[in-house]
Structure formats: structure tokens, C-alpha cells
Number of protein chains: 2
Amino acid sequence: MHGEIAPGHALTLRGVGQQFDVSMTPAREAVRRLVAEGALSMSNSGRVATPELSNERIEELAALRALIEVELASRALPRAHMALIDRLQTINGAVSDAVTRHDAVAYIRSNLEFHRALYLRAQAPAMLAMAETVWLQLGPTMRALYGKLRRKEPPHYHRLIIAALKAGDEPGLRLAVRSDVTQGLKMLAS
Amino acid sequence: MHGEIAPGHALTLRGVGQQFDVSMTPAREAVRRLVAEGALSMSNSGRVATPELSNERIEELAALRALIEVELASRALPRAHMALIDRLQTINGAVSDAVTRHDAVAYIRSNLEFHRALYLRAQAPAMLAMAETVWLQLGPTMRALYGKLRRKEPPHYHRLIIAALKAGDEPGLRLAVRSDVTQGLKMLAS
DNA sequence: CCGGCCGGTTTGTGATCACACTCCGGTCCC
DNA sequence: GGGACCGGAGTGTGATCACAAACCGGCCGG
């Protein structure tokens, strides 16, 4: 999810097992679960690797993010108090730090933490789980994407999200979330 | 997914294994995968059962169905030719049959087949997989729901969907799909 | 020089087993 | 009579093993 593994990287059950000091059995369960969630792809011979997503699939996943996360943000809006906004601004500072340090993994991790903190207020665990499943599928690709576009400035749309939250502006919030989610992934198609 | 198991029904690894003439290992993988997808719930002691969904969770899942399936239908619309509409009408006949036979499982199965046939035209496998994950989570609940409302007539909104497809009416299609998806699940909250 | 073949090695699969924990029943004591 | 206790059956977990298939070298023939 955090882009620690590049797309197309192969994994073996015995390797994963050694990495976590367990036998093949728990490693197999974990890997199969991640395959079921779409986080890993399995060849027809059972070999497992991080997926290399096609542009069509990336577009689909971006559309899913837009659909689900806009709804989550919308549901979180009436429950968003000042404590949440403070927390979002703190996390946003971590995002900026990661950008200036050119730390892709930290950037992805804190960026997702920003979104999760907001969506937790929606009190919609099934929807949040769905969104996280999409994040999981996009993890390796987001890492590759970050390498392509050399970001210099912290995310612009996060500020718009916070502003819309403060103003209680639901249409503005929906647009800001949609833009933030869609923005980065559009670059990859070009 | 098809409501063959009632909510709250307990499963054991050895039982599932015997049912399919395999040992515990494949049974465990299958069960864990279904847990990962939310189709089964696992107690903190590892016991597995079909979930008994709260009304809040049902509302969330219905909202997810509405979000995703409306988008899928919208994407399928420009690709929908007469062959698809014929097929949908045929499947709709099976739905009606199941209703008159009071066969809950056949009703759920053919109803989902109707939706899947439409969404397959959207050429969006990731979105379809997401929708099917939601169906999976709702399977046992849909069975219980069918028992509560004694349907007599075949689904009204399916006809609206077909009519909107024929007319190329996108707003009408979106509304019809949203209504069809939301309709049944709203009853459960009351 | 290139492509097909062919061995050894790696890898996933499924079965089996020992173990710890949980659950559920009866039983005993207060 | 009711509730706590206790023991056995049931259950999930993780390790290990045998096996089949896939992969990846190098080698040989054209």
C-alpha cells in the first residue's frame, strides 16, 4: 500500500516466510489474502508478484477512488470539528516534509493518512475498507508514479479540502477530493 | 453470494474440507480469502461464520452498490447493443420464474446475473470486481431479506433499466439502476 | 549465430500432525 | 436451585514433508 515494493517485483512463499520468521503456511495465507484483495497478482502457475497495472486499470481505480472517497468526505463533513482540521493540518505538514525530502514511501504513507483521518469521521467502515482496498491495489504503481513526476510543492488540493471543511462547503469539498484523487493518477496515462 | 447460507451460520475448516473432499489446508485458504473479502466474519478466536450485518452496514453496502453500479451502467450504455438487451430480457424471465417459484437462491442468482451481464459491457474489470465483492458481503443478508418481503411480482426496475438502455437515456438509466439497487435493501432497515 | 531442448533447481500445493486454545456439557458445592 | 468449576471434545494454527509443475540455466543441432 505504501509503495515499498516496485511494480512487477516477484515474491516467493519461502522468501516471505523467512522475512517474517514463519513457515510457508502463514506466508501462503497472507499472500493469498493479498491476491484476493487485488494487491498482488498471481500467474496461472501460482507465482506471485506485485502487479504492473495497465493504464485502463489505473483509470478505473482512480474513478473508484473518486466515487468512494467523495462520498466518504461528504459523510464526514457534518461531523468534522476543529480537532479534526488541526489533525489534518499536522498530517499535511508531514506530507510537505516527505516531499522536500524526496521520500516517496513517506509521502504516500502520510498522504493516505491524511485521507484516512478525514474518512474515519464518516463512520462508514465498509466504505473505508473499500477505499483502502483500492489504495492497496495502487500502492506499487503510486511509487512508480512518484518517481516520474518530480514533485516540488506540497499537495495543493489538500489545502482546498481543509478550506472546504472549515467553510462547511459540501460541493467544494467534493470537488477538492475528486481533484486530489484524480490529479496524480492522470499523469501516468500520458 | 447467492444466499445459500443464512446469516450467522458457523463454518469449520474440517467441515468445509470434507464438503469438497480436500484437507484442511485448501479449506483454510478459501475461508481466509472470503474473510479478507468480507464475505465471512472471523471471531477473535478464529471461528468463522457468515456475517449478521447491522442496519448501518447494510446501508453502507447499499450506498456502495449504488455508487459503483450506477457508474458501471453508465459506462456500459454506449456499448449496449440489441444482443445485450435480448440477453437481459431472457435473464429477466429467469428472475420472474424464480419469483413465482418462491426460490430465493435462484432469484438472487438470476438477479445478480442480470446486473453482471449489463456491467460486463462496461469493460471495467476492477469496478466489476468491486461490485461483486459487495454482492458477496450481502449474500446471506439478501437471503434473509427475501424471506421477509414476500415478493409476488418480478422486479419493476429491471424493465426501466432495459427501457433506458433502448432509449439511450443515461440519466434515466442511472436513476433506474440506483432505484433497483437501493429498493430491496431499504426494506431491511424498517 | 540462433532457436529448441533438457537437465537441475526452485516453487507452489496439499496432506498430515502436534499443540494450544476455545467452547460446551455435566457436576459439584454453596 | 443456581452458579462456578472442570474436563473432554472440537477447532484453528503453524510446521514439516512429499510431490508435481514451472522456471532457468547451458548445451546441442541446424
Side-chain angles (χ1 to χ4, degrees), chain A residues 1-54 57 125-126 129-130 132-133 135-141 143-144, chain B residues 1-54 57 125-126 129-130 132-133 135-141 143-144:
Chain A
M1 184 187 286
H2 298 144
E4 291 165 18
I5 312 182
H9 188 271
L11 297 175
T12 66
L13 297 185
R14 288 169 178 86
V16 174
Q18 283 182 9
Q19 201 173 335
F20 293 93
D21 276 320
V22 292
S23 77
M24 288 173 56
T25 311
R28 193 156 52 150
E29 277 177 25
V31 162
R32 297 286 284 249
R33 169 179 171 177
L34 289 169
V35 169
E37 292 177 309
L40 295 174
S41 67
M42 177 176 279
S43 77
N44 39 25
S45 74
R47 304 314 232 282
V48 160
T50 50
E52 300 182 278
L53 303 183
S54 67
R57 183 148 273 222
M130 227 61 180
E132 291 189 315
T133 298
W135 297 350
L136 208 52
Q137 295 185 41
L138 282 170
T141 300
R143 178 211 187 86
Chain B
M1 182 188 289
H2 297 143
E4 291 165 19
I5 312 181
H9 188 270
L11 296 176
T12 66
L13 297 186
R14 288 171 177 85
V16 174
Q18 284 182 8
Q19 201 171 337
F20 293 93
D21 277 320
V22 293
S23 77
M24 289 174 55
T25 311
R28 192 154 55 149
E29 278 176 25
V31 162
R32 297 288 284 248
R33 169 180 170 177
L34 289 169
V35 170
E37 292 177 308
L40 295 174
S41 67
M42 178 176 278
S43 78
N44 39 25
S45 74
R47 304 300 171 86
V48 161
T50 49
E52 299 181 277
L53 303 183
S54 68
R57 186 151 278 238
M130 227 62 181
E132 291 190 314
T133 298
W135 297 350
L136 209 52
Q137 296 185 39
L138 283 170
T141 300
R143 178 210 188 85

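In the text below, chain A, chain B and the rest are named by the order of the sequence lines, each starting its count at 1.
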Would you say [N] has OP1 or OP2 under 4.0 Å from some side-chain N or O of [X]?
X: A/R28; N: D/dG14; answer: no
X: A/S45; N: D/dA22; answer: no
X: B/S23; N: C/dA15; answer: yes

Using the side-chain heavy atoms of [X], tell me which of these nucleotides is nearest: [options].
X: B/V22; options: C/dA15, D/dT11, C/dG12; value: C/dA15
X: B/R32; options: C/dA15, D/dT13, C/dG12; value: D/dT13
X: B/T25; options: C/dG12, D/dT11, C/dG14; value: C/dG14

Interatomic distance where [atom1] belongs to [X] and [atom2] belongs to [N] [whole Å]:
X: A/N44; N: C/dG12; atom1: CG; atom2: C1'; value: 13 Å
X: A/E29; N: C/dT13; atom1: CD; atom2: P; value: 13 Å
X: A/L11; N: C/dG12; atom1: CG; atom2: P; value: 9 Å
X: A/F20; N: D/dG14; atom1: CZ; atom2: P; value: 14 Å
X: A/M42; N: C/dT13; atom1: CE; atom2: C1'; value: 10 Å
X: A/Q18; N: C/dT10; atom1: CD; atom2: P; value: 12 Å
X: B/M24; N: D/dT16; atom1: CE; atom2: C1'; value: 15 Å

Is there a side-chain contact between A/M130 and B/M130 in this structure, where contact means two heavy atoms from C-beta onward sitting under 4.5 Å apart?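 Heavy-atom side-chain distance check passes, below 4.5 Å.
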Side-chain touch A/V31/A/E29, heavy atoms, less than 4.5 angstrom: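 No. Closest side-chain heavy atoms not under 4.5 Å.
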Would you call A/E37 and A/R33 a salt bridge, using N to O less than 4.0 angstrom?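 Salt bridge present between A/E37 and A/R33.
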Cationic N near anionic O, under 4.0 Å, A/R143 to A/E4: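 A/E4 and A/R143: not salt-bridged.
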Any N or O donor-acceptor pair under 3.5 Å from the base of D/dG12 to the side chain of B/R14?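 Side chain to base: pair found, below 3.5 Å.
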Go nucleotide by nucleotide along DNA chain D from the 5' end; which of A/R47 and B/G46 gets its closest nucleotide reached first?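 Closest to the 5' end, via its nearest nucleotide, is B/G46.
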Taking the nucleotide of DNA chain D with the nearest heavy atom to each, does A/D21 or B/T12 sit closer to the 5' end?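 That would be B/T12.
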Backbone of A/P140 reached by a side-chain donor or acceptor of A/T50 within 3.5 Å: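 Not confirmed, A/T50 side chain does not pair with A/P140 backbone.
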